[in-house]
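Here is the structure we will look at, set down as structure tokens.
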Amino acid sequence: MPRIAKYDFKKIEKRWKDFWDKQGFFKVDTNHTEKKFYYLNMFPYPSGVLHVGHGRNYIIGDAFARYKKMQGFNVLNPMGFDAFGLPAENAAIENKTHPRDWTIANIEGMKKQFRDWGIVYDWDREIRTCEPDYYKWNQWFFLQFYKHGLAYRADAVANWCPGCETVLANEQVIDGRCERCDSLVEKRKLTQWFFKITQYAEELLKDLEKLEHWPERVKKMQYNWIGRSEGVEADFAIEGSSHILKIFTTRPDTIFGVTFMAIAPEHPLVEEFLAHEPDPHRRAQMAEFVQRALQQGEIARGAVTVEKEGFFTGHYAINPVNNERVPIYIANYVLMEYGTGAIMGVPAHDQRDFEFAKKYGLEIRRVIESEESKGELTAAFEGEGWLVNSGQFNGLSSREAFRKIGEFLESRGQGRFAVKYKLRDWLISRQRYWGTPIPMIHCERCGIVPVPESELPVLLPNVPFIGKKGLAEIPEFYQTTCPQCKGPAKRDTDTMDTFVDSSWYFLRFVSPHEQTRPFDPDAVNRWLPVDQYVGGVEHAILHLLYSRFFTKALRDMGLVKFDEPFARLFTQGIIKHLAYRCPEHNWIHPSEVKEDNKCPHCGRELKVDLHKMSKSKRNTISPQHVIDEYGADTERLYTLFMGPPEKDIEWTDEGVRGSFRFLNRVWNLVLSQARKLTDAGELNPAQFTERERTVWQKLHQTIKSVTEDIEQFHFNTAISAIMGLTNELTDYVAENPKKINKALMKHALENLVLIMSPFTPFICEELWRRLGHDDAVLEQRWPSYNSQALQAAEREIVVQINGKVRARFTVPAELSEDRAELEKRALAQIQGRLDGEQVVKVIVVPGRLVNIVVKK
RNA sequence: GCCGGGGUGGCGGAAGUGGCAGACGCAACGGACUUAAAAUCCGUUGGAGGUAACCCCCUCCGUGCGGGUUCAAGUCCCGCCCCCGGCACCA
């Protein structure tokens with residue numbers, strides 16, 4: 001046997017990388033919409049060097065795009081960079097450079113990494129959000145939003161991150177900490193710009209139902225985040241005052257159980273009460289309590305559940321349903337941001353109110369009774385039931401009472417049905433430098449004046465970077481003249497949240513070079529929604545909700561004609577790796593750790609845990625390292641094979657080696673045969689031997705299952721099917737190398753190479769040529785399976801006795817549906833076993849099994 | 001606390017509508033090749049037991065735990081336990 005050339009992945013990968021660059025297979029004419037397919041991966045923040053965990057997203061995307069391309073789709077598969085953001089500023093401070101230089105350098109590095117991975121994008125469509133030709137349109141959209149009342153400026157208690165020295169959106173606060181830097185978030189009262197996402201709360205919620213190809217959990221998260229509640233607003237008069245205390249409740253059926261009222265420390269009435277408090281001592285106490293409660297708000301929520309505390313204002317409210325007089329408290333557990341900032345306290349039927357009432361000795365009056373809850377209450381009963389102690393409403397069910405009491409209040413002008421959402425407006429102001437300047441001017445005479453569209457973009461000042469303070473420190477930037485009165489004025493020095501950038505970039509990709517408008521609306525309406533969107537589940541709320549909001553807002557402005565940006569969504573899981581920590585030397589890189597798990601510096605026992613790959617934990621695996629040792633195809637294959645792509649999973653070196661071994665087996669199989677197949681004739685299934693038929697069948701079964709698996713993103717099982725086929729072909733060769741059906745072998749190997757190519761494109765391109773072709777794999781049609789090949793000549797039937805497999809036999813395929821025949825043969829199989837047992841029943845599942853039910 | 005998702009060999013994981021549990025890979029063990037090792041190739045591998053002694057083969061148990069439905073349950077139903085993710089004083 002002639003020696004087979006070694007699988008020289010370095011040479012192969014170099015060759016085809018260059019080739020793909022030249023060919024431009026993913027250049028697409030967007031005027032052509034026939035069989036269009038818009039595939040999109042979430043674009044990355046250019047944070048530096050990518051690790052194998054980042055790779056998962058792009059490898060999935062490249063595999064899927066290649067597959068679609070081979071199926072004859074007109075595939076739009078673009079990539080860009082979410083290039084504004086804080087890390088660039090922090091890095092610039094650290095390295096004494098400019099955020100722009102740092103960002104551009106990272107982008108260049110990452111583009112090289114994509115190339116090394118064999119990932120093919122149409123770079124002519126690249127987007128960099130930090131370029132004026134992109135952020136100009138952020139500003140333009142801002143002005144449109146402003147015009148349509150969707151952008152406004154307001155005082156608000158905002159989330160302030162002391163680490164980033166900027167405010168954050170609600171969505172960016174995780175467990176009371178900054179999403180980016182982990183600092184404890186504080187509350188500050190500031191004047192900020194908002195986008196009115198709440199105007200779309202109902203539609204954002206309702207349209208989740210349309211997203212049938214989105215993961216259930218993502219929809220659920222958005223559903224909860226929007227947090228719709230139906231209830232009733234009720235107006236409580238305040239004794240001796242013209243003010244009205246408006247509350248929101250989802251349980252109007254419990255309104256007869258009200259024994260106190262509570263308002264948030266930030267509630268406007270607090271000022272009122274303070275101002276009119278005659279006793280200076282009490283006034284001081286009240287002020288102190290409010291101050292303390294407000295401070296409490298600054299302590300991380302979610303840390304410890306703070307004890308409920310209140311302060312009696314000395315005022316009373318009148319319950320509109322029974323004219324009872326109830327005390328009004330200021331309470332730390334009432335939130336100003338939700339509902340009306342005030343609640344009615346029903347201790348018997350709300351656990352929070354219950355605790356509060358216990359502490360302050362307030363009456364706990366039961367007004368709902370049910371099977372599960374009667375007699376003395378040891379905790380609030382929050383379930384539904386029948387009304388008691390509720391005047392004319394006694395005996396009604398909670399549900400009926402909800403409606404009747406609502407109507408009662410409405411008829412008397414003291415209440416109304418209402419719907420409230422947890423969703424808050426999107427705070428987009430950031431007090432930073434490296435972002436899109438907000439195109440607004442503050443003029444002492446004219447007030448807030450938008451920058452005229454003709455003057456866009458408002459460029460970031462081209463000055464040496466001066467560190468954290470942002471635009472507010474750069475007079476060259478903020479000194480300007482008012483567009484209206486031409487007098488001296490000041491630019492707004494806030495920049496936009498970078499989530500604005502990513503809320504519409506998927507539109508820009510369709511026509512990225514438009515100079516006079518953000519996108520070509522005709523092309524966008526043809527190509528959107530994105531057919532398949534893929535990214536990390538960490539964006540389930542932020543980016544995906546904002547993008548949906550943008551799409552709806554643009555639709556209402558007549559700029560696009562669709563309601564939802566992403567038709568299909570897939571969220572891939574995180575790749576984790578063991579992280580080693582020494583009590584003295586902190587995180588140790590895995591490559592430094594020997595088998596004994598001792599610190600290489602001091603010999604102490606290391607703490608070993610599985611973590612998401614991160615620079616700080618020093619547990620990242622560099623793709624360069626894997627590519628140098630095994631090649632990009634091995635990394636790609638392992639990444640896709642290691643487990644279901646939506647699940648978090650551990651990266652192991654052994655797994656990588658296994659994938660490398662497999663590629664070598666394929667290489668050896670193809671090369672050992674390729675030369676002998678030059679004179680292979682026509683494929684002639686009619687003449688197949690039985691063995692050849694099974695090979696043929698296996699091939700077509702594999703084509704079928706790989707195709708179906710890719711459609712469902714089941715790359716791991718697709719690859720295992722390919723491994724199964726490879727094993728079968730290897731066995732077939734080994735059985736009798738001299739007697740191989742060359743036509744069949746050629747047919748099988750060619751198809752093997754084609755169905756493998758989305759996963760491991762380099763080796764497949766090479767093998768394709770070695771099989772005698774001179775055109776590219778990406779120019780081939782995706783194989784289709786031959787349904788005749790799937791028909792087995794024989795089928796195996798399982799024989800069970802009382803559900804347990806006891807025998808099996810094969811029948812010719814044409815008999816496998818014949819119940820009587822199967823029963824006859826099955827009984828014959830187990831003849832000897834039925835000693836003294838009586839056959840009660842026989843169940844035949846055609847083509848599968850026969851179950852014989854017996855009794856002693 | 002509420003809402004999702006999940007629990008299958010030593011490990012990652014397979015098993016359309018209930019129908020052969022453990023595909024594929026890793027690890028481990030045994031063997032071949034080698035002066036030797038690596039690489040490669042072949043074989044074994046859920047647990048317990050039996051038969052056989054060249055191969056076969058058979059029985060029982062086994063998909064987090066306890067019940068149930070069914071000829072048949074990883075899959076369906078009821079009740080628990082545990083893990084992961086999201087939300088969390090949202091009235």
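For clarity, every value in this text was computed on a predicted model and none was experimentally measured. In what follows, every chain begins at residue 1, and chains take the letters A, B, ... in the order their sequences are listed.
Looking only at side-chain heavy atoms (C-beta outward), A/Met221 and A/Asn224 stay at 4.5 Å or farther from each other. Residues A/Asp235 and A/Arg416 are in side-chain contact: their nearest non-hydrogen atoms beyond the backbone lie under 4.5 Å apart.
Here the separation of B/G13 from B/C26, taken at their P atoms, is 16 Å to the nearest Å. When the C1' atom is used for both B/G68 and B/A91, the distance is 41 Å, rounded to whole Å. For the C1' atoms, the distance linking B/A39 with B/G64 amounts to 42 Å, nearest Å. Nucleotides B/G16 and B/G22 place their P atoms 13 Å apart, quoted to the nearest Å. With P as the reference atom, B/G9 and B/C65 are 10 Å apart, rounded to whole Å. Distance check on atom P: B/A14 versus B/G6 gives 12 Å, rounded to whole Å. For B/U75 and B/G67, the P atoms lie 15 Å apart once the distance is rounded to whole Å. The P atoms of B/G66 and B/U8 are separated by 16 Å, rounded to the nearest whole Å.
If you check every strand for non-hydrogen atoms under 4.0 Å, A/Lys220 touches sugar and phosphate atoms only. Residue-level contact check: A/Val805 touches the backbone only, with heavy atoms under 4.0 Å from sugar-phosphate atoms and none from bases. Contact annotation for A/Asn664: no contact, since no heavy-atom pair falls under 4.0 Å across all strands. Within 4.0 Å of A/Arg228, counting heavy atoms only, lies no atom of the nucleic acid at all. At a threshold of 4.0 angstrom between heavy atoms, the contacts of A/Val842 with the nucleic acid are absent. No engagement by A/Gly227 is indicated, since no non-hydrogen atom pair under 4.0 Å with the nucleic acid exists. Looking at heavy-atom distances under 4.0 Å, A/Ile722 makes no contact with the nucleic acid at all.
Not one side-chain nitrogen or oxygen of A/Lys420 sits closer than 4.0 Å to the OP1 or OP2 atom of B/A91. Between A/Arg661 and the phosphate of B/C24, there is no side-chain N or O to OP1/OP2 separation shorter than 4.0 Å. Contact between the side-chain N/O atoms of A/Ser659 and the OP1/OP2 oxygens of B/G25 is not found at any separation under 4.0 Å. At least one side-chain nitrogen or oxygen of A/Asn716 sits closer than 4.0 Å to the OP1 or OP2 atom of B/A14.
When distances run from any side-chain atom of A/Ile843 to the nucleotides B/G25, B/G19, B/C89, the shortest one goes to B/G19. Relative to the side chain of A/Tyr338, the nucleotides B/A27, B/A91, B/C89 differ in distance, and B/A91 lies closest. For A/Ser229, counting side-chain heavy atoms from C-beta on, the closest listed nucleotide (B/A91, B/C89, B/C26) is B/A91. Here the nucleotide nearest the side chain of A/Val853, chosen from B/G12, B/C71, B/G19, is B/C71. Relative to the side chain of A/Lys647, the nucleotides B/G13, B/A14, B/A91 differ in distance, and B/G13 lies closest. For A/Thr249, whose side chain is taken as the heavy atoms from C-beta onward, the closest listed nucleotide among B/C24, B/A91, B/A14 is B/A91.
The partner of B/G49, taking Watson-Crick or G-U wobble pairs whose two distances both stay under 3.5 Å, is B/C58. Across all strands shown, B/U44 is found opposite B/A28 as a Watson-Crick or G-U wobble partner, with both distances under 3.5 Å. Nucleotide B/A39: unpaired (no Watson-Crick or G-U wobble partner with both distances less than 3.5 Å). Judged by Watson-Crick or G-U wobble contacts below 3.5 Å, the nucleotide B/G74 has no partner. Judged by Watson-Crick or G-U wobble contacts below 3.5 Å, the nucleotide B/C87 has B/G1 as its partner. With a 3.5 Å ceiling on both atom-pair distances, B/G22 lacks any Watson-Crick or G-U wobble partner. Base pairing of B/C65 is made with B/G79, judged by Watson-Crick or G-U wobble geometry with both donor-acceptor distances under 3.5 Å.
Nucleotide B/C89 holds its P atom 13 Å from the CD atom of A/Glu355, rounded to whole Å. If you measure from atom CG of A/Asn851 to atom C1' of B/G19, you get 9 Å, rounded to the nearest angstrom. In this structure, A/Glu538 atom CD and B/G86 atom P are separated by 11 Å, rounded to whole Å. Atom P of nucleotide B/A21 and atom CD of A/Gln800 are separated by 7 Å, given to the nearest angstrom. Look at CD on A/Gln572: it is 17 Å from C1' on B/G5, rounded to the nearest Å. Put simply, CZ on A/Arg848 is 10 Å from C1' on B/U17, counting in whole angstrom units. Taking atom CZ on A/Arg424 and atom C1' on B/A88, their separation rounds to 12 Å, with Å as the unit. Atom CD of A/Gln351 and atom P of B/A88 are 20 Å apart (whole Å).
A/Glu382 and A/Arg251 are not joined by a salt bridge, as no carboxylate oxygen comes within less than 4.0 angstrom of a charged side-chain nitrogen. A/Glu821 has a carboxylate O that lies under 4.0 Å from a charged side-chain N of A/Lys824, or vice versa, which qualifies the two as a salt bridge.
For A/Lys841 and B/C71, a side-chain-to-base donor-acceptor distance below 3.5 Å is absent, hydrogens and geometry of angles not being considered. Put simply, the side chain of A/Asn224 and the base of B/C87 share no donor and acceptor less than 3.5 Å apart.
Taking the nucleotide of RNA chain B with the nearest heavy atom to each of A/Gly724 and A/Trp225, the more 5' of the two is matched to A/Gly724. For the pair A/Met221 and A/Tyr421, both in contact range of RNA chain B, the more 5′-proximal nearest nucleotide belongs to A/Met221.
By the rule that a glycosidic angle within 90° of 0 means syn, B/G9 counts as syn.
Closest non-hydrogen pair, A/Asn332 versus A/Pro265, comes out as CA-CG, 4.5 Å.
In the displayed structure, A/Tyr223 atom OH is contacted under 6.0 Å by at most 12 heavy atoms of other residues, nucleotides or ligands.
Taking the ring centroids of A/Phe260 and A/Phe356, they lie under the 6.0 Å cut-off. A distance of 6.0 Å or more separates the ring centres of A/Phe660 and A/Tyr638.
A donor-acceptor pair is defined here as one N or O able to donate and one able to accept, closer than 3.5 Å; such a pair exists between the side chain of A/Asp353 and the backbone of A/Val346.
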